[in-house]
Amino acid sequence: MGSSEERVVAVIMVGGPTKGTRFRPLSLNIPKPLFPLAGQPMVHHLISACRRIPNLAQIFLIGFYEEKEFALYVSSISNELRVPVRYLREDKPHGSAGGLYNFRDYIMEDNPSHVVLLNCDVCCSFPLPEMLEAHKGYGGMGTLLVIKVSAEAANQFGELVADPVTNELLHYTEKPETFVSDLINCGVYIFTPNIFTAIEDVFMQRKDRANLRRATSFEALQSAAKALPPDYVRLDQDILSPLAGKKELYTYETLDFWEQIKTPGMSLKCSGLYLSQFRHTSPQLLAAGDDARSATVIGDVYIHPSAKVHPSAKIGPNVSISANARIGAGVRLISCIILDDVEIKENAVVIHAIIGWKSSIGKWSRVQGEGDYNAKLGITILGEAGSVEDEVVVINSIVLPNKTLNISVQEEIIL
């Protein structure tokens, strides 16, 4: 595997059940990191990207979910990729940097020279080997993956200023009120083990400040109440901002796609981005539809081997069909995710929608969204075991699990 000096450990922050509320009703059934995009769990795309890093020793998933929710997946992915993957459960919130520090003994047990840190709700091409080479050349403590976005979108993220020649991070501010830069933080990092010293320094500063506050004045008591816990450290405000401009942090710009998966609408968009990436990286995963016995396939489509699709169906672009789904004669699917055990009956149409596990869509029905991935009702979502009866139209709606629709609805949330 190479010498111990070269070893790399990857850490993926997966969040927890209280973090995925905007992802409902889909996260009612499954941890958000395990929701399938392009036929594979969201976190799988990050793990596969980490697998391309030379001398990768281990991958850790850190979050608040119960260990049993990840046990089966962690075991199967470790066997499939032949790299140790381990889930570590946080006992309480420690912040994005504090969570990393909390498990430093596990992360450092292979004595790695570098730690790759990724947020699970990021969708991109993850150019990690190239980023690692750039990081080694910079010689700093850390390197951030960055991308240029529109000035209107930039303030939703961490904005930063970098030296155009050296790529050094000169200034960093999280979600500023006024425009700083169109360069934003992608939530993908490479650090040397010195990151743990930097986090420890923040701990010590917090403790020193807490000791100074031990006065009896009302003002001191008020400020102590507002203060963050000493062991709660945020990567952006507490590490990146103070260290900017000190020749410790550098940037690596991606010119490829990048999105943040906060909502079901964005998951549908990102499923399409991963499908188009498969065209270059894993073409064998895409459906071909090139013989007379198979359905017509347009663009990038994933069909699970156990799914049954009628030859007269027309599928794509941007369609992912999961295990044991049954797609009937004359069905038309465009820009949708069809989850496990779904049945779509003859001549139904599904466009810009996510159809939940074990749901059924009747003959000549239409389930459709307008395709605005950022709008609350921009796509239609059918929760688990939902049923749309024959000749019913569902437009721009969210339907919670176990509901039966026998009348047409538009722009509604069915509770």
Side-chain angles (χ1 to χ4, degrees), residues 26 30 34-46 48-49 80 123-126 256-257 259 261 264-361 365-373 378-382 388 394:
L26 302 173
I30 190 173
L34 298 183
F35 183 79
L37 306 179
Q40 298 176 339
M42 188 184 295
V43 71
H44 188 105
H45 296 280
L46 285 78
S48 296
E80 181 186 330
C123 164
C124 71
S125 58
F126 300 106
D256 217 334
F257 65 90
E259 296 289 349
I261 312 167
M266 286 309 300
S267 75
L268 182 53
K269 180 178 184 179
C270 291
S271 187
L273 290 171
Y274 282 136
L275 285 170
S276 61
Q277 188 186 26
F278 285 170
R279 180 73 56 190
H280 308 289
T281 62
S282 311
Q284 74 280 4
L285 295 175
L286 295 175
D290 52 4
D291 74 61
R293 293 168 299 170
S294 59
T296 301
V297 170
I298 300 166
D300 300 321
V301 170
Y302 169 83
I303 301 175
H304 191 276
S306 66
K308 289 184 169 56
V309 181
H310 194 276
S312 64
K314 198 170 186 181
I315 315 292
N318 182 18
V319 172
S320 174
I321 300 174
S322 296
N324 301 312
R326 298 176 302 288
I327 311 300
V331 165
R332 182 70 177 104
L333 303 180
I334 301 171
S335 184
C336 57
I337 296 174
I338 309 299
L339 294 166
D340 295 0
D341 303 303
V342 166
E343 181 176 18
I344 302 180
K345 296 179 181 175
E346 296 95 287
N347 301 305
V349 175
V350 180
I351 303 173
H352 299 307
I354 298 176
I355 309 301
W357 305 264
K358 302 182 179 70
S359 292
S360 68
I361 296 176
S365 287
R366 187 177 191 94
V367 177
Q368 183 171 348
E370 66 183 39
D372 182 347
Y373 299 120
I379 69 165
T380 289
I381 302 167
L382 202 60
V388 176
V394 183

Asks: How far apart are the closest heavy atoms of L273 and E259, and which atoms are they?
Replies: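 Between these two residues, the closest heavy atoms are CD1-CG, 3.7 Å.
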
Asks: For F126 and A49, which heavy atoms make the closest approach, and how far apart are they?
Replies: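 In terms of heavy atoms, the two residues are closest at CB-CB, 3.5 Å.
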
Asks: Can you find a heavy atom in the side chain of S335 that is under 4.5 Å from one in the side chain of L268?
Replies: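 The answer is yes; the side chains approach within 4.5 Å.
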
Asks: What distance separates I338 CD1 from H304 NE2, expressed to the nearest 0.5 Å?
Replies: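 So the CD1 of I338 and the NE2 of H304 are separated by 14.5 Å.
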
Asks: Tell me, do F278 and Q40 make a side-chain contact under 4.5 Å, heavy atoms counted?
Replies: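 The answer is yes; the side chains approach within 4.5 Å.
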
Asks: May I ask you to decide if Q368's main-chain N or O and T380's side chain share a donor-acceptor pair within less than 3.5 Å?
Replies: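 Checking the backbone N and O of Q368 against the side chain of T380, a donor-acceptor pair under 3.5 Å is found.
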
Asks: Where the side chain of S267 meets the backbone of P264, is there a donor-acceptor pair that is under 3.5 Å apart?
Replies: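 Between the backbone of P264 and the side chain of S267 there is a qualifying donor-acceptor contact (under 3.5 Å).
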
Asks: Return yes if some donor-acceptor pair links the side-chain N/O of H45 with the main-chain N/O of A38 below 3.5 Å, else return no.
Replies: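 Side chain of H45 to backbone of A38: no pair is present.
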
Asks: Going from CD1 on I337 to CG on N318, what distance comes out if it is rounded to the nearest 0.5 angstrom?
Replies: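 One finds 7.5 Å between CD1 of I337 and CG of N318.
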
Asks: With a 4.5 Å heavy-atom cut-off, do P317 and I334 have their side chains touching?
Replies: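 Yes, at least one pair of side-chain atoms sits under 4.5 Å.
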
Asks: If you look at every heavy atom in I261 and C123, which pair is closest and at what distance?
Replies: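 In terms of heavy atoms, the two residues are closest at CD1-CB, 3.8 Å.
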
Asks: Would you say D340's side chain and A323's backbone share a donor-acceptor pair under 3.5 angstrom?
Replies: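 Yes, the answer is positive, given that a donor and an acceptor are paired below the 3.5 Å cut-off.
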
Asks: Quick one, I303 and I327 - any side-chain contact, counting heavy atoms below 4.5 Å?
Replies: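 Side chain of I303 against side chain of I327, heavy atoms only: no contact under 4.5 Å found.
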
Asks: Classify the ring geometry of F35 against W357: parallel below 30°, tilted from 30° to 60°, perpendicular beyond 60°.
Replies: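 Aromatic pair F35/W357 classed perpendicular.
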
Asks: Whether the side chain of R332 engages the backbone of G330 through a donor-acceptor N/O pair (distance < 3.5 Å, no angle test) should be reported.
Replies: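 Answer holds: no.
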
Asks: Okay, side chain of S312, backbone of A329: is any donor-acceptor separation there less than 3.5 Å?
Replies: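 Looks like no, no N/O pair under 3.5 Å.
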
Asks: What's the spacing between S282 OG and Y302 OH if we round to 0.5 Å?
Replies: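 Separation between the atoms: 11.5 Å.
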
Asks: To the nearest 0.5 Å, how far apart are SG in C270 and CG in L37?
Replies: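 Going from the SG atom of C270 to the CG atom of L37 covers 7.0 Å.
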
Asks: Under 4.5 Å between any side-chain heavy atoms of V367 and L382, yes or no?
Replies: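 No - every pair of side-chain heavy atoms lies 4.5 Å or more apart.
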
Asks: Can you tell me if S306 uses its side chain to pair, donor with acceptor, with the backbone of N324 under 3.5 Å?
Replies: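 A pair under 3.5 Å: yes.
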
Asks: I need the R326 CZ to K345 NZ distance, nearest 0.5 Å.
Replies: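 That separation rounds to 9.0 Å.
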
Asks: Taking the side chain as every heavy atom from C-beta outward, state whether I355 and L339 have any pair of such atoms under 4.5 Å apart.
Replies: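 Not in contact.
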
Asks: Within a strict 4.5 Å, meaning less than it, do heavy atoms of the I361 and V331 side chains meet?
Replies: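 I361 does not reach V331 side chain to side chain.
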
Asks: Evaluate side chain to side chain contact (heavy atoms under 4.5 Å, CB included) for I344 paired with L333, printing each intermediate quantity in order.
Replies: CA-CA 10 Å; I344 302 180; L333 303 180; 3.9 Å; yes

Asks: Calculate, to the nearest 0.5 Å, the distance between atoms CZ and OG belonging to F257 and S276 respectively.
Replies: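 One gets 6.0 Å once the value is rounded to the nearest 0.5 Å.
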
